[in-house]
Each structure stands twice: as C-alpha cells, then as structure tokens.
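This structure is a prediction, so every number in the text was calculated from the model and none was measured.
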Amino acid sequence: WLRGLATASLLAAAPGVATGHHGFAGVHDFSRPSYLAGVIDAIWIGPPHVRIRLRVDTGLALPRNREPYRALEDAEARQMLGRLHLPERHGLVDVVLHARMTRVLANEPESLPVGLHTEVIGYPRVTDDEYRGEIVGVLVKLQDGRMLVASMSMRSRPGRGGAKGD
C-alpha cells in the first residue's frame with residue numbers, strides 16, 4: 001500500500017506528467033468580459049481546446065448594438081454585456097475556446113476558416129506565466145453568422161444564437 005502511494009507521489013511530482021485537467025477558475029478575470037473582432041490568422045481545432053490566433057482590428061470599438069450577443073448573457077444567467085471592454089492587447093491575440101465549443105467545431109471546422117473576420121467575447125487570463133494575456137472565448141461568431149456560445153449548442157434558442165434564420 002505504501003509502495004503504491006510512494007509511486008503515485010513520484011508520478012505526480014515528475015515534470016511533464018499531467019495529473020489532471022486544468023480549469024479556468026482562478027486564472028481568468030470573469031468580471032471583465034473582453035470584446036474582440038478581427039481576422040483569424042491561424043486556427044488549431046482539436047482536443048482539448050480550439051486555439052485561434054486573432055489579428056485584432058485596428059481602431060476596435062465596442063459594438064453599439066449588443067442584442068446579437070444576448071445569447072451569452074442568457075447562457076451565463078447574469079448581466080455582463082454592459083461590462084464589455086476592449087482587450088489590453090492588440091495585434092495578434094491568442095484565444096482558447098471553451099471545450100464545449102471545441103466539440104462542436106471538431107464536427108464543423110469550415111465554420112471558422114483562416115481569413116474569416118469574426119467576433120469573440122471572452123475573459124482575459126491574469127496569471128503571471130507564458131499564457132498571460134490569452135483570452136478564453138465563450139462566444140464566437142461563425143462564418144454563416146451564427147453565434148456559438150460555450151453554454152449552449154448552436155441550434156438552441158431560436159432567434160438567440162441558434163441556427164441562421166431562426
């Protein structure tokens with residue numbers, strides 16, 4: 001029994017050995033939702049998360065009409081669109097999409113092609129490591145105009161982030 005405990009402890013302490021899936025709590029500032037818009041410079045679709053390198057528009061401004069993003073507020077069950085702000089970083093910004101969005105995009109990779117001008121709402125990472133400044137995306141606008149939200153499927157809620165034309 002002790003030998004098994006010692007082995008488990010060594011494996012947990014060994015560099016490069018994953019001991020569990022990471023979480024977003026504690027590393028992202030959920031009080032400051034960021035709005036980004038720009039062209040997809042690169043994209044990686046695969047587990048555990050879709051990663052987008054977004055070339056943020058020069059002169060980016062917050063959208064005046066926030067109704068298209070209401071699905072996110074509904075999904076998160078809290079008022080957050082009034083707190084949208086622009087990101088601190090400009091140029092190329094890395095966005096990691098929530099795992100629920102990755103599962104959808106693995107089946108529809110053509111929904112987010114390189115060169116697409118898209119919009120993202122997410123939360124900035126606030127840790128002091130190599131990922132500082134990364135955004136965890138919880139809403140992304142797809143090529144056909146649908147809004148993919150982390151907390152719901154693309155076909156949910158007609159007229160509020162569901163399939164185009166609902």
Side-chain angles (χ1 to χ4, degrees), residues 11-12 14-63 68-69 71-73 75-76 80-81 84-157 160-164:
L11 285 175
V17 175
T19 58
H21 186 72
H22 63 278
F24 292 118
V27 296
H28 292 87
D29 185 353
F30 291 103
S31 68
R32 293 184 43 114
S34 295
Y35 171 80
L36 300 95
V39 174
I40 295 175
D41 188 67
I43 186 165
W44 298 270
I45 297 179
H49 302 284
V50 169
R51 298 185 68 82
I52 298 171
R53 177 148 300 144
L54 190 68
R55 185 172 303 280
V56 176
D57 294 341
T58 320
L60 181 64
L62 291 175
Y69 315 102
L72 178 60
E73 199 165 77
E76 293 200 357
M80 48 81 62
L81 292 176
L84 277 181
H85 74 282
L86 297 176
E88 294 172 4
R89 294 182 57 209
H90 298 285
L92 291 175
V93 175
D94 289 326
V95 177
V96 176
L97 297 184
H98 192 281
R100 290 183 192 115
M101 300 165 85
T102 295
R103 287 191 287 274
V104 171
L105 291 170
N107 294 321
E108 292 187 42
E110 69 281 359
S111 297
L112 280 178
V114 170
L116 174 71
H117 188 274
T118 189
E119 299 171 69
V120 174
I121 294 177
Y123 299 101
R125 187 172 179 114
V126 293
T127 55
D128 285 327
D129 58 17
E130 67 271 24
Y131 300 108
R132 183 171 181 79
E134 176 183 83
I135 303 286
V136 60
V138 292
L139 176 145
V140 65
K141 185 176 183 181
L142 302 178
Q143 183 166 346
D144 63 6
R146 293 178 292 170
M147 297 289 186
L148 178 58
V149 177
S151 301
M152 59 189 266
S153 75
M154 291 191 300
R155 304 243 180 246
S156 299
R157 301 183 188 198
R160 291 219 171 175
K164 188 175 180 181

- prompt: Can you tell if the side chain of Ile45 reaches within under 4.5 Å of the side chain of Thr102, non-hydrogen atoms only?
  reply: no
- prompt: What are the two closest non-hydrogen atoms of Gly137 and Met101, and how far apart are they?
  reply: O-SD, 3.5 Å
- request: Of all the heavy-atom pairs spanning Pro68 and Met147, show the shortest one and how long it is.
  value: O-CG, 3.7 Å
Non-neighbouring partners of Arg103 that pass side-chain hydrogen bond (donor to acceptor under 3.5 Å, both in side chains), sequence neighbours left out: none
- request: Taking the side chain as every heavy atom from C-beta outward, state whether Pro87 and Leu60 have any atom pair closer than 4.5 Å.
  value: yes
- prompt: Looking at Leu105 and Ser111, what are the two nearest heavy atoms and their distance?
  reply: CD2-CB, 4.1 Å
query: If you look at every heavy atom in His117 and Ala37, which pair is closest and at what distance?
result: CE1-CB, 4.1 Å
task: Identify the heavy atoms of Asp41 and Arg55 that sit nearest to each other, and give their distance.
output: OD1-NH2, 3.4 Å
4.5 Å side-chain heavy-atom contact, Tyr123 and Pro33: yes
query: Rounded to the nearest 0.5 Å, what separation is found between the CG atom of Leu116 and the CG atom of Leu142?
result: 8.5 Å
task: State the CZ-CG distance between Arg32 and Leu86, to the nearest 0.5 angstrom.
output: 10.0 Å
- line: Contacts of Asp94 meeting salt bridge (charged side-chain N to carboxylate O under 4.0 Å, His left out) (sequence neighbours excluded), chain-then-number -> Arg53
query: Hey, what do you get for CG (Leu54) to CD1 (Ile43), rounding to the nearest 0.5 Å?
result: 10.0 Å
field: Gap separating the CG atom of Asp144 from the CD atom of Glu110, nearest 0.5 angstrom
entry: 9.0 Å
- prompt: Do side-chain atoms of Thr118 reach the backbone of Lys141 as a donor and acceptor pair under 3.5 angstrom?
  reply: yes
query: Can you tell if the side chain of Glu134 reaches within under 4.5 Å of the side chain of Arg51, non-hydrogen atoms only?
result: yes
statement: From the list Ile40, Val50, Ile52, side-chain contact (heavy atoms from CB on, under 4.5 Å) partner of Val95 resolves to Ile52
query: Is there a donor-acceptor pair under 3.5 Å between the side chain of His85 and the backbone N or O of Tyr35?
result: no
Taking every non-hydrogen atom, the tightest pair across His49 and Ala99: ND1-N, 3.5 Å
message: Return the CD1 to CD distance between Ile121 and Glu73, rounded to the nearest 0.5 Å.
response: 9.5 Å
query: Excluding sequence neighbours, so at least two apart, what forms side-chain hydrogen bond (donor to acceptor under 3.5 Å, both in side chains) with Ser31?
result: Asp29
